[in-house]
Amino acid sequence: MMILLYIIFAVIVGLLFHGIHRKVIARIQTRPGPPIWQEFLHVMKFSFKQTWIPKTASKVLFVAIVPAVIAIWAGALYVLFTGGSLLVIFGVYLLHKITEHGLGLSSGSPYGKLGAIRSVLSAASEIPLIASIAGIYFVTGSLMISDIVAYQADHGILLITALPIALAMYVIILSKVPYSPFGIIEAKEIVSGNKTEHFGAFRAGLEVGFALKTFVLLAVFVTLFIGAMPFWMLLIASLILLLTMSFICALTPMLSPYDAVTIQIGVIIIVIIYMAFIAFAGGMP
Amino acid sequence: MIRKETEKKISKDQAKAAALISAIICITASALAFTGHINGWLGAGIVVVAFPVFVLSLFTALRESTKDGDYPFVGY
Amino acid sequence: MYEAMTASVTASMPVSESAYGFTQTDIEGQALFSLPFGDIVNFLTPYTAVLFVFALTFTIIALISKPERQVDTVMGGDAYYTKDISRETLRFQRFMAIACGLATMGGIMAGDVFNFTLFTAFIGITNIGIVAAVKNKHILDNAFEYGLLAMIGTLPLFVGAALVLATTGTLSMWILFTPEVAVPLFAKLLLVIGVIAEGMAPVFVAKAEITRAPGAPYILMVHVSSLLIFLRVIEIVISM
Amino acid sequence: MQLIIRKVSRILQNHNNLTAVYALVVIIVAAIGLISIAAGEITFEKDQLYPKTINPDSPLNPYDRGGSPFVPADIKAQYPGNFPAIGYITGYLSPFATALIKISPYFGTTIVAHPGGILDEILYATRGLDTIVETSILFVAFTTAMFLFRRDEE
């Protein structure tokens with residue numbers, strides 16, 4: 001498998017998805033919105049700009065965190081396409097959280113710091129994540145993505161048979177999409193949150209990493225809950241999933257930080273009740 | 001933030017060289033993994049490490065100018 | 001007799017990997033590597049290898065990176081000032097951050113439940129050490145709550161390990177991860193909530209406030225260690 | 001709905017409630033534990049890896065391990081393959097010590113001179129890495145206490 005081609009393709013598609021996301025949100029709010037290739041323009045614009053490291057920053061951390069973002073998601077993409085362990089991908093999801101903290105903390109800027117603090121707060125979203133992973137293992141008996149895909153070929157798609165788990169995963173992915181109601185780390189009152197001080201080439205690199213992230217998360221959801229499909233179908237299914245999220249993002253205000261956490265804890269309680277229910281009912285229906 | 005005037009800067013040539021080298025590493029590793037000369041996970045590991053370097057050095061090489069006074073996107 | 005003994009020591013040292021229980025699981029794939037320390041056989045799977053590399057990277061960053069200088073704006077004016085960390089505090093925080101990184105790597109590699117809980121307690125102590133060096137009442141208040149939590153958390157943590165030993169008769173993950181051995185749900189829950197208290201607060205409130213402390217690379221190690229050890233305990237609990 | 005969320009998040013965001021919230025979680029888990037003990041799900045495994053006989057008359061109870069000096073001790077191990085000379089003081093050597101043995105005939109003279117050397121002597125009890133980690137925890141805790149104490153003096 002040409003891993004490099006897949007990564008580059010995923011970056012392009014991810015950037016395009018971000019653009020479509022913005023366009024849809026704008027149209028729902030009856031604004032014209034930017035063109036869908038706006039995110040490419042962003043990356044180009046940031047890379048043409050001057051780049052330096054702020055004087056107050058912790059230099060090594062400031063620079064190293066950007067390649068870390070790209071590297072972890074590129075690794076997650078490889079694991080996804082080779083049908084490796086689901087645990088690795090969601091390990092990467094949590095590692096992404098660490099890079100978010102690092103982004104905000106490294107610059108010394110108060111806005112970045114606030115973004116990092118909110119990012120630590122929103123780490124409660126990993127609890128529904130763990131609940132849904134345990135739920136998937138509970139239902140399918142394996143965490144290898146290839147096994148989960150094979151299970152769905154035999155037993156029907158998990159989106160229908162294990163809806164609460166899919167719901168929990170949906171909330172997790174929603175909390176990482178731009179303009180999400182859970183996106184407290186980049187709320188407008190703290191400028192760009194933890195990305196504030198990363199400008200120029202660093203910001204362009206971050207956009208590339210985040211594009212990879214969006215693509216991987218959407219593709220993981222589709223693969224986990226709908227099953228194996230040809231590549232073009234995967235892209236279309238991811239796009240439809242993204243569009244549902246665009247509607248939510250366009251129509252909901254951003255939650256206040258602790259309310260976002262509380263709602264995510266509510267989701268885990270639903271998943272736990274569901275798992276207790278199927279445990280008592282004796283396995284899957 | 002205040003710009004530190006005495007900062008050592010990476011020249012465009014250095015950035016270009018880094019981008020070229022990391023691109024070659026990426027392509028070689030993924031090609032070798034594709035043809036089966038090295039393990040798939042090893043190839044992926046190399047690409048995962050080299051690709052971010054490629055992205056960052058490419059963007060650093062693309063930057064418009066190393067001198068002050070050139071703000072192409074100020075205003076609309 | 002003594003010669004015979006030392007000869008046997010030198011001869012039979014390299015233990016082949018097949019001596020241990022599992023080579024392939026449904027959860028994280030093929031075990032890559034094992035390092036025996038007597039009864040405690042540490043190992044890496046693809047999953048823990050990813051975590052290990054990440055922990056190593058951030059430990060190295062903590063080692064070589066200088067701390068950032070936090071900027072505070074003065075309200076009602078244009079002025080701002082930066083906070084500097086004193087040399088002693090810096091050295092202490094760096095020492096604690098590296099100890100924390102080493103403990104994290106140990107916890108990730110641990111192949112034995114009791115050893116894992118020990119490394120987790122180690123992480124809790126180093127985390128408090130990193131934060132305790134900061135001179136700021138608000139942060140110290142939160143660090144105090146966090147320290148209380150870490151102390152309470154050792155109880156479920158070690159009770160969990162003890163229950164695993166009592167109900168299965170062994171502590172080795174190589175045996176516990178095989179499907180024949182059943183670990184009660186209670187022991188698993190105790191392990192998880194123990195790690196939650198050691199590594200991270202239930203809803204992160206104290207930890208989020210701790211993040212306000214200056215010294216980014218070291219404060220970041222608090223998060224790196226707790227999230228990685230949480231990922232590891234999830235893997236252990238699901239595999240058991 | 002919104003009011004409930006507000007109310008819950010108001011409790012969660014106060015760091016003084018932290019231990020109370022955690023204690024609630026511990027109580028819930030303990031309740032699950034009591035239920036599962038009552039339901040007979042938790043049973044003691046008779047075949048323990050590290051068996052222990054308690055002699056209540058011994059003044060050393062419960063630390064009385066038994067055995068006599070200068071005779072190989074009766075030690076059980078999970079992986080006897082790692083212990084070519086189990087029961088002896090050099091029953092287990094760390095990987096580093098093993099490497100040194102292979103290149104030097106004088107390892108015995110350095111047995112306490114490197115980290116792991118002295119612990120190799122303790123390792124006859126098969127769980128040496130635990131000993132290392134435990135002492136490291138103590139060391140780090142003392143370092144923190146020392147740092148804070150000295151800072152107060154300034």
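Chain A is the first sequence line, chain B the second, and so forth, proteins listed ahead of strands; every chain is numbered from 1.
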Query raised in the report: Where is the tightest heavy-atom contact between F147(D) and T89(C), given as atom of each residue plus distance?
Result: CZ-CA, 4.0 Å

Query raised in the report: In terms of heavy-atom pairs under 4.5 Å, which option from A166(C), P184(C), S172(C) contacts chain D the most?
Result: A166(C)

Query - Pick from L165(C), L190(C), D141(C) with the largest number of heavy-atom pairs that fall under 4.5 Å of chain D - result: L165(C)

Report task. Measure the CZ-CD1 distance between F142(D) and I125(C) for me, rounded to the nearest 0.5 Å. Result -> 10.5 Å

Query raised in the report: By a 4.5 Å heavy-atom criterion (distance strictly below it), what part of A103(C) contacts chain D: side chain, backbone, both, or neither?
Result: neither

Report task. Determine the sole option in F122(C), F114(C), F116(C) for which the side-chain contact (heavy atoms from CB on, under 4.5 Å) test with V133(D) is passed. Result -> F122(C)

Requested in this report: Quick one: closest heavy-atom pair of E145(C) and T19(D), and the distance?
Outcome: OE1-OG1, 4.0 Å

**Report entry** Side chain / backbone / both / neither for L102(C) at chain D, heavy atoms under 4.5 Å
**Finding:** neither

Report task. Please state whether the side chain, the backbone, both or neither of S36(D) comes within less than 4.5 Å of a heavy atom of chain C. Result -> side chain

Query raised in the report: Which heavy atom of T144(D) sits nearest a heavy atom of A132(C), and at what distance?
Result: CG2-CB, 4.5 Å

Report task. Could you tell me which non-hydrogen atom of V140(D) sits nearest to which non-hydrogen atom of A99(C), and how far apart they are? Result -> CG2-CB, 4.4 Å

Report task. Heavy-atom distances under 4.5 Å only: say whether A23(D) touches chain C with side chain, backbone, both or neither. Result -> neither

Query - Separation between CZ of F186(C) and CG of L34(D), rounded to the nearest 0.5 Å - result: 7.0 Å

Report summary line: Nearest heavy-atom contact between Y22(D) and P156(C) is OH-CG, 3.6 Å

Query raised in the report: Quick one: CG on L163(C) to CD1 on I37(D), what's the gap to the nearest 0.5 Å?
Result: 7.5 Å

Query raised in the report: Relative to chain D, which segment of F144(C) carries a heavy atom at a distance below 4.5 Å: side chain, backbone, both, or neither?
Result: neither

